[in-house]
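In what follows, every heavy atom counts, from backbone to side chain, and hydrogens, waters and symmetry copies are set aside.
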Amino acid sequence: MQLVVPDAVLQHAAYPITIDPTVSSGQMVSAPSSLANQPSIAFDGEDYLVAWSEYDGSNFEIRAAQVNGAGNIVQPIGFLSSQGDSRDDQRPAVAWNGTRFLVTWEHEFSSTDMDVYGRIVNRAGFPIGGIVTVVAPVGNQTFPSVTAAGSTFFVVWSDDRVGAGDIMGTGVSIAGVRLDASPGVTVAATATAETQPDIAATSGALLVSYQLLAGTGNPDVYAQRTNLSLVPVGAAIPLATTASPEQDAKVA
């Protein structure tokens with residue numbers, strides 16, 4: 001890590017020196033007149049891809065923009081989800097695999113049927129191909145999260161097709177093709193609800209964090225190691241399991 005400090009600062013500094021980083025002011029990414037929330041971001045080594053859910057006057061849709069290191073919009077990509085279908089698209093998640101981005105999101109097919117969709121975006125900030133159906137059976141598939149190892153993307157979600165909710169996942173190719181047959185690979189499944197997963201990758205393994213409902217109003221935080229086929233490795237790891245609620249875990 002390298003920290004660049006202006007010469008004028010060092011000339012007048014007393015040692016030992018304490019240096020506070022300068023943080024820029026906020027940069028406007030979405031239109032100020034729109035209702036936008038739930039942002040997610042990934043970095044390709046040069047620019048960022050920021051995705052969010054935005055109300056278009058009828059429904060919430062997924063929008064994205066390419067942003068450079070100075071915080072300026074390089075490419076206003078626009079909507080990634082389908083407009084005019086009277087269905088909300090929310091909770092986007094973004095990952096970079098070294099060549100392309102994958103943006104996933106929660107698609108409200110009906111009030112009792114939530115699915116996970118996605119879209120491949122290239123480094124120049126343009127969508128490639130159509131919308132990817134990551135998982136779309138009956139029931140609710142919610143809170144998608146995505147990471148990448150090599151060229152393969154890995155998407156996890158909470159799935160209530162069997163019981164209160166399990167953590168399931170699938171690989172997605174660089175072309176946007178689902179790699180695991182329906183219903184996907186089971187990452188965590190107990191008699192209680194597992195929700196709100198997050199996923200991160202190393203070169204040879206994945207770690208999925210999630211929220212487990214230990215009791216009414218008392219969620220705990222667990223994690224599960226898997227291989228690059230999303231098959232669990234070892235037992236679930238209890239990270240925070242007190243009598244107070246622990247929730248909204250993130251992993252990197």
V135 vs R178 side-chain heavy atoms within contact, under 4.5 Å: yes
Side chain to side chain contact (heavy atoms under 4.5 Å, CB included) between W52 and V29, worked out: CA-CA 10 Å; W52 64 92; V29 177; 3.5 Å; yes
Cluster overlap W105 with V116, hydrophobic side-chain contacts below 4.5 Å: no
Taking every non-hydrogen atom, the tightest pair across R100 and I174: NH1-O, 3.3 Å
Between D198 and S209, a side-chain donor and acceptor under 3.5 Å: no
Shortest non-hydrogen contact between P127 and G125, atoms and distance: CD-O, 4.1 Å
Verdict with supporting geometry, V67 and I41, side chain to side chain contact (heavy atoms under 4.5 Å, CB included): CA-CA 10 Å; V67 180; I41 188 170; over 6 Å; no
Min side-chain heavy-atom separation L102-I120 under 4.5 Å: yes
Distance in Å, D159 CG paired with M114 CE, rounded so as to fall on 0.5 Å steps: 12.5 Å
Heavy-atom closest pair, residues D56 and F79: CB-CZ, 4.0 Å
Gap between atom OG1 of T147 and atom CG of N97 - 0.5 Å precision: 10.0 Å
Residue that, paired with H107, satisfies side chain to side chain donor-acceptor pair (under 3.5 Å) out of D88, D89, D113: D89
Check against side chain to side chain contact (heavy atoms under 4.5 Å, CB included), V134 and T170: CA-CA 8 Å; V134 178; T170 185; 3.8 Å; yes
Point-to-point distance, once rounded to the nearest 0.5 Å, from CZ of R119 to OG of S81: 9.0 Å
Residue pair S30, E54: steps toward the side chain to side chain contact (heavy atoms under 4.5 Å, CB included) verdict: CA-CA 8 Å; S30 63; E54 181 174 310; 3.9 Å; yes
Qualifying residue for side-chain contact (heavy atoms from CB on, under 4.5 Å) with Y222, from T190, T241, I167: T241
4.5 Å side-chain heavy-atom contact, T152 and L228: no
Pairing of R87 and D85 as salt bridge, 4.0 angstrom limit: no
Straight-line distance of F101 CZ to D47 CG, nearest 0.5 Å: 7.5 Å
Value rounded to 0.5 Å, distance of OG1 in T195 from OH in Y210: 11.0 Å
Residue pair L207 / A223: nearest heavy atoms and the distance that separates them: CD1-CB, 4.0 Å
Single-linkage hydrophobic cluster F60~V50, side-chain heavy atoms < 4.5 angstrom: no
Nearest-0.5 Å distance, OG1 of residue T133 to CG of residue D115: 8.0 Å
Note, T192 side chain near L212 side chain (heavy atom, < 4.5 Å): yes
Exercise: identify the closest heavy-atom pair between F153 and S173: CD1-O, 4.0 Å
Note, S82 side chain near I131 side chain (heavy atom, < 4.5 Å): yes
Polar side chain donor-acceptor pair, E106 to T142, under 3.5 angstrom: no
Least distance between heavy atoms, S145 atom then P197 atom: CB-O, 3.5 Å
Side chain proximity check, R123 to E46, heavy atoms < 4.5 angstrom: yes
Within-4.5 Å side-chain heavy-atom neighbours: S158 and Q196: no
4.5 Å side-chain heavy-atom contact, V172 and V146: no
